[in-house]
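What follows is a short report on a single structure.
Order of the sequence lines sets the chain letters (A, B, ...), proteins ahead of strands, with each chain counted from 1.
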Protein chains: 2
Amino acid sequence: MKRPAQSRKEATHERIVDVASRAIRRSGYQGIGVADLMKEAGLTHGGFYAHFESRDALLAEVADRAGAESVATLERIAAGAPRGRGLEALLRAYLSKPHEKAVETGCPVAALGSEMPRQAPEVRRAATRRIKELIDLVGRQSPDWGEPGAHERALVTVATMLGALVLSRAVDDPRLSDSLREAALKSLSPARG
Amino acid sequence: MKRPAQSRKEATHERIVDVASRAIRRSGYQGIGVADLMKEAGLTHGGFYAHFESRDALLAEVADRAGAESVATLERIAAGAPRGRGLEALLRAYLSKPHEKAVETGCPVAALGSEMPRQAPEVRRAATRRIKELIDLVGRQSPDWGEPGAHERALVTVATMLGALVLSRAVDDPRLSDSLREAALKSLSPARG
DNA sequence: AACCGGATATGATGCTCGTCATATTTGTGA
DNA sequence: TCACAAATATGACGAGCATCATATCCGGTT
């Protein structure tokens, strides 16, 4: 049997990606090195290249993994809400103070968005795919999904969510952070677009 | 006279900050080193600490300078528009394709926003001040500025502008980039909020 | 119980980083 | 024209970086 060997290596591989997906949201794409990443995974730096072709290859996996997890979390939140209130629940979670604080487990676009244009093509490709999934998820929460204008509205909703979260984390004035999140939440909530 | 000496050093100081404010928007806060920065300014790396106490001190000056210039540019654009159409002109510029492409001379919050939470307190302080000026500038373009709700609307407008620009730069699909900018522009334009 | 091969560790390479002490150049007033 | 002081350059420090060649370990098969 080859399985046990493969699954052991696979498990370590997963663990590295998992640890990295948090560490990189916390410290930025360039903010943590291979050695520290491996140490956080309980390994030493040398074995890294048995798992990844390069550092960029890891970053691409991280972008994909973090994006997928973020979309899945929001999907679960929307699906768990009463009928017709999926968007409201999603927004309430995305624009919450806990999400503002939880950079390393939260939306990777908010944590890394302005670093994306500088990343390797493989990283941007993975991130773009997940961003499209997010736009789709938001769009599907509206009853008129598919009708003209609904896609545009989803784009704007995602832009506002993201912008408010990025700003609320950027500024060093907690009062302003709260105002930004709350204003965006109120403005986007389905009472009136 | 001490003036000529002082003004020579001051001029070099300014040149370093100026070069850095572009280079850092292009490469990120951690994406360029002191030596390369000095080389771009036509100097060698050693003299850096005659001008700045530390690298972070430069970053704080950069955040302040870039933010001030960006606000001033938008202010000029709004002031140059026909009466009552300042916001429209401002948005059209901010959400234009040229601005999407011009990372290193454009809005520093869009270029560096998600890196802000990790910066030194002095950097965040400078950035926050400029962000507040931007919110104020946007708010002042509305006739009901000062009335209840106007400030909240300005917050949401800035969040949407920023989010749309960050996203349009992040994704590697030019079609999606265009859609994001155009959808945000349409949604924010004063025909209907 | 001994061994084999996949998984991880050790250690080293050449490079770049921020910082600083010291030398050299440069512009300016006498 | 000379000399002084301010401005900039040289060169070095220790640390950290990505990457890789080699050595060691350990689980599973015979």
Worksheet item: B/Gly33 near the nucleic acid: base, sugar-phosphate alone, or nothing, with a heavy-atom cut-off under 4.0 Å?
Response: sugar-phosphate
Practice prompt. Before giving the answer on salt bridge (Lys or Arg N to Asp or Glu O under 4.0 Å), spell out for B/Lys186 and B/Glu182 the whole-Å C-alpha distance, their side-chain angles and the decisive distance to 0.1 Å.
Written response: CA-CA 6 Å; B/Lys186 201 164 159 189; B/Glu182 283 161 18; over 6 Å; no
Response to the item:
Of D/dC17, C/dA12, C/dC20, the nucleotide closest to the side chain of A/His45 is C/dA12
Worksheet item: Roughly, in whole Å, what's the span from CZ in B/Phe48 to P in D/dA7?
Response: 17 Å
Discussion item. Need one value for A/Asp56: base, sugar-phosphate or nothing, where a base atom within 4.0 Å counts as base even if backbone is also close, heavy atoms only.
Written reply: nothing
Item to complete: Give the intermediate values and the outcome of side chain to side chain donor-acceptor pair (under 3.5 Å) for residues B/Thr128 and A/Asp172.
Response: CA-CA 6 Å; B/Thr128 300; A/Asp172 67 355; 3.0 Å; yes
Practice prompt. May I ask you to evaluate whether B/Thr12 reaches the phosphate of D/dT8, defined as a side-chain N or O under 4.0 Å from OP1 or OP2?
Written response: yes
Item to complete: Take atom CG of A/Leu59 and atom C1' of D/dC17, then tell me their distance rounded to the nearest Å.
Response: 14 Å
Worksheet, complete the sentence: Of D/dT19, C/dA9, D/dA9, the nucleotide closest to the side chain of B/Leu43 is D/dA9
Practice prompt. Round to the nearest Å and state the distance from B/Lys9 atom NZ to C/dT25 atom P.
Written response: 20 Å
Worksheet, complete the sentence: Side-chain atoms of A/His51 come closest, of C/dA12, C/dC17, C/dT8, to C/dT8
Discussion item. Parallel, tilted or perpendicular, judged at 30° and 60°: which one describes the rings of A/His13 and A/Phe52?
Written reply: tilted
Worksheet item: Which listed nucleotide (D/dA18, D/dT10, C/dC20) is nearest to the side chain of B/Thr44?
Response: D/dT10
Practice prompt. Name the closest nucleotide to the B/Tyr49 side chain, picking from D/dA7, D/dT19, C/dT19.
Written response: C/dT19
Worksheet item: Charged N to carboxylate O under 4.0 angstrom, B/Asp18 versus B/Arg22?
Response: yes
Item to complete: Rounded off to whole Å, could you give me the NZ-to-C1' distance for the A/Lys39 and D/dG16 pair?
Response: 11 Å
Worksheet item: In whole angstrom, what separates B/Arg55's CZ from C/dC20's P?
Response: 15 Å
Worksheet item: Any luck finding a side-chain donor-acceptor pair between A/Arg25 and A/Ser21 under 3.5 Å?
Response: yes
Worksheet item: Whole-Å distance between D/dA7 P and B/His13 NE2?
Response: 13 Å
Response to the item:
B/Ile32 CD1 to C/dC17 C1', in whole Å, measures 13 Å
Worksheet item: For B/Asp36 and C/dC17, what is the distance between atoms CG and C1' respectively, to the nearest whole Å?
Response: 10 Å
